[in-house]
Amino acid sequence: MTQTADVSLPLLRDRAFMLFLLARTVAVAGSAITSVAMPLLVFQVTSSALVTSLVTAVQVVPYLLFGLIAGAMADRLPRRPLMLGCQAVSAAALLSVPIASWLGELTAPHAVAVSAVVATSFVWFDAGSFGALPALVGRARVVPANSMVWIVTTLAGLGGPVVGGVLVATVGAAQALSFDAASYVVAGALLALIGRSFDAREPRTDRPGGLGSGIREGLEFVWRQPVVRSLTLLGVGNSITGGAVAALLVVFAVRDLGLSEEGSGIGFLVAVVAAGAFLAALALPKLTARVPIGWITIATLTTNPIALLLTAAAPTLPWATAPLLLWSFTSTLTIINGITARQIVTPLDLQARVNTTARMVAWGGTPLGALLGGVLAETTGTRPAYALMSSAVLLSAILAWRSPLRNRNFGATEAQPA
């Protein structure tokens with residue numbers, strides 16, 4: 001018999017949630033290794049900032065192509081088998097890189113293609129996960145559950161890049177990816193052990209008309225719901241700037257901060273970004289209990305470009321650490337504040353559609369930012385590229401100051417009943 005969530009049970013004593021949390025932590029730790037190994041692998045092969053930036057670009061393009069379809073289907077299909085299938089595909093794709101390297105057949109296009117396959121699998125996994133978490137824990141526990149997931153997984157993300165740098169230095173970038181492949185297998189096994197349903201327990205409200213109707217329903221909710229619409233549209237500038245920062249981080253580290261391509265110093269730099277995300281997850285519950293959601297977004301969007309400009313001006317790694325940490329903190333807080341707000345105000349049977357649609361729009365700027373950043377870095381250098389790309393999030397900040405987010409009560413009456 002399928003279990004149901006006991007909302008009175010502390011999350012740390014909820015076996016289903018803890019298995020879900022452990023699965024996400026293992027997968028994130030593996031992905032953190034890949035976040036160092038994959039761009040380094042491509043940069044080692046090509047020595048090109050533009051080609052290296054493609055690794056970041058292709059990680060988001062699948063969201064633009066499949067986000068609407070994945071969201072609609074994840075609200076109709078059983079979420080557990082969908083998520084397990086995605087884990088298996090990602091593991092197989094990643095494992096092909098060390099195998100190709102061992103055979104002497106590894107190329108940069110192969111590595112970029114693997115990044116695209118893993119990113120495509122993530123779209124479908126993410127669609128299922130958005131609805132699975134509220135179904136597993138109940139709407140009343142979404143905020144603490146989300147915060148705990150972000151805190152624990154970003155802790156894993158702190159150590160993962162350092163481990164990734166060590167692995168790159170010892171076994172090579174290609175072989176390091178086998179550890180991420182193994183993490184997907186372990187994470188899938190943990191998800192399979194959860195005895196609780198991943199699907200909505202509220203009555204479904206799908207209208208006749210098939211998949212197209214489901215997609216339209218998600219789009220209409222995103223546009224009509226003022227909290228979701230505002231936070232989603234303002235997130236575009238954050239994603240454009242974030243795409244450039246992520247795409248050029250390895251290039252910035254090697255060319256401008258003087259770090260070695262062997263990986264250990266770069267692993268530390270990626271860990272700094274993860275630390276900023278961890279602090280954001282830690283701060284979110286306390287901030288949302290005291291500060292209106294609109295004010296949080298206004299503050300983070302305003303601070304973000306300042307932090308990036310300071311990062312671009314840093315002469316060495318020690319000088320870059322603090323501003324990069326602040327940049328990551330503000331960027332991540334913008335994202336998770338929007339995700340949490342969406343999950344609270346969205347009915348369970350619309351979770352996948354609404355969240356994938358909103359993320360598709362908000363993340364839509366990432367590949368554009370990555371490619372623009374890559375072009376600028378090739379022509380003007382990485383520091384000027386970072387400085388110029390900060391203008392995207394600055395524009396979002398200006399719009400936020402002129403938007404309804406300034407109202408203290410913005411979003412306060414929008415939450416659905418638990």
Is the backbone N or O of Gln175 less than 3.5 Å from a side-chain atom of Ser178, with the two atoms forming a donor-acceptor pair by type? yes
Please determine whether side chain to side chain contact (heavy atoms under 4.5 Å, CB included) holds for the pair Leu269 and Leu257, giving the CA-CA distance in whole Å, both sets of side-chain angles, and the decisive distance to 0.1 Å. CA-CA 10 Å; Leu269 201 64; Leu257 299 182; 4.3 Å; yes
Are Leu133 and Phe17 packed together at the side-chain level, in the sense that at least one heavy-atom pair is separated by less than 4.5 angstrom? yes
For the student: nearest non-hydrogen atoms of Ser396 and Asn238, plus distance: OG-N, 4.2 Å
dist Leu234:CG -> Leu405:CG (nearest 0.5 Å) comes out at 6.0 Å
Please find the pair of heavy atoms, one from Ser53 and one from Gly374, that lie closest to each other, and give the distance. OG-CA, 3.9 Å
With heavy-atom distances below 4.5 Å as the criterion, would you say the side chains of Met73 and Phe66 are in contact? no
Has the side chain of Thr332 got a donor or acceptor atom that lies under 3.5 Å from a matching backbone atom of Phe329? no
Just to verify, which of Leu167, Val168, Leu177 counts as forming a side-chain contact (heavy atoms from CB on, under 4.5 Å) with Ile33? Leu167
Show me the donor-acceptor pairs within less than 3.5 Å that the side chains of residues 383-392 make with the rest of the protein, sequence neighbours left out.
residue: Arg383; atom: NH1; partner: Ala312; partner atom: O; Å: 2.7
residue: Arg383; atom: NH1; partner: Ala314; partner atom: O; Å: 2.5
residue: Arg383; atom: NH2; partner: Asp256; partner atom: O; Å: 3.0
residue: Arg383; atom: NH2; partner: Ala314; partner atom: O; Å: 3.1
residue: Tyr386; atom: OH; partner: Val245; partner atom: O; Å: 2.9
residue: Tyr386; atom: OH; partner: Leu249; partner atom: N; Å: 3.4
residue: Ser390; atom: OG; partner: Ala387; partner atom: O; Å: 2.6
residue: Ser391; atom: OG; partner: Leu388; partner atom: O; Å: 2.7

Ile296 CD1 to Leu284 CG distance, which is reported to the nearest 0.5 Å: 6.0 Å
Atom CG in Leu371, atom CG in Leu376: separation rounded to 0.5 Å? 11.0 Å
Would you call Thr107 and Val45 a side-chain contact if the rule is heavy atoms closer than 4.5 Å? no
Ignoring hydrogens, what is the shortest heavy-atom contact between Val42 and Thr52? Give both atom names and the distance. CG1-CA, 4.0 Å
Between Ser96 and His110 the two heavy atoms that sit nearest each other are OG-NE2, 3.1 Å
N/O donor to acceptor pairs below 3.5 angstrom from side-chain atoms of residues 114-126, sequence neighbours left out:
residue: Ser115; atom: OG; partner: Ala111; partner atom: O; Å: 3.3
residue: Thr120; atom: OG1; partner: Ala116; partner atom: O; Å: 2.8
residue: Ser121; atom: OG; partner: Val117; partner atom: O; Å: 3.3
residue: Asp126; atom: OD1; partner: Arg359; partner atom: NH1; Å: 3.3
residue: Asp126; atom: OD2; partner: Tyr63; partner atom: OH; Å: 2.5
residue: Asp126; atom: OD2; partner: Arg359; partner atom: NH1; Å: 2.4

Where do Val236 and Ile240 land on the side chain to side chain contact (heavy atoms under 4.5 Å, CB included) test, with the steps shown first? CA-CA 6 Å; Val236 174; Ile240 291 175; 4.1 Å; yes
CG of Leu317 to CG of Leu324, rounded to nearest 0.5 Å, is 9.0 Å
For Ala174 and Leu41, work out which heavy atoms get closest and say how close. N-CD1, 4.2 Å
How close do Gln87 and Ala187 get, heavy atom to heavy atom, and via which atoms? NE2-CB, 3.4 Å
Tell me, which pairs form a ring-ring contact (aromatic ring centres under 6.0 Å, His included) where one or both residues lie in residues 283-317, sequence neighbours left out? none
Could you give all pairs that pass the side-chain hydrogen bond (donor to acceptor under 3.5 Å, both in side chains) test and reach residues 297-309, with sequence neighbours left out? Thr297-Asn337, Thr300-Thr334, Thr302-Trp401, Asn304-Trp327, Asn304-Thr330
Report the residues that fulfil side chain to side chain contact (heavy atoms under 4.5 Å, CB included) with Ser31, sequence neighbours left out, ordered by chain and then residue number. Asp180, Tyr184
Glu378 side chain vs Ser48 backbone, donor-acceptor pair below 3.5 Å: no
Rounded to the nearest 0.5 Å, what separates atom CG in Leu399 from atom CD1 in Ile298? 11.0 Å
Rounded to the nearest 0.5 Å, the CD1 atom of Ile336 sits from the CG atom of Leu333 at a distance of 5.5 Å
Could I get the full list of side chain to side chain contact (heavy atoms under 4.5 Å, CB included) partners for Ile194, not counting sequence neighbours? Ala16, Leu19, Phe20, Arg80, Leu136, Leu191, Arg196, Phe198
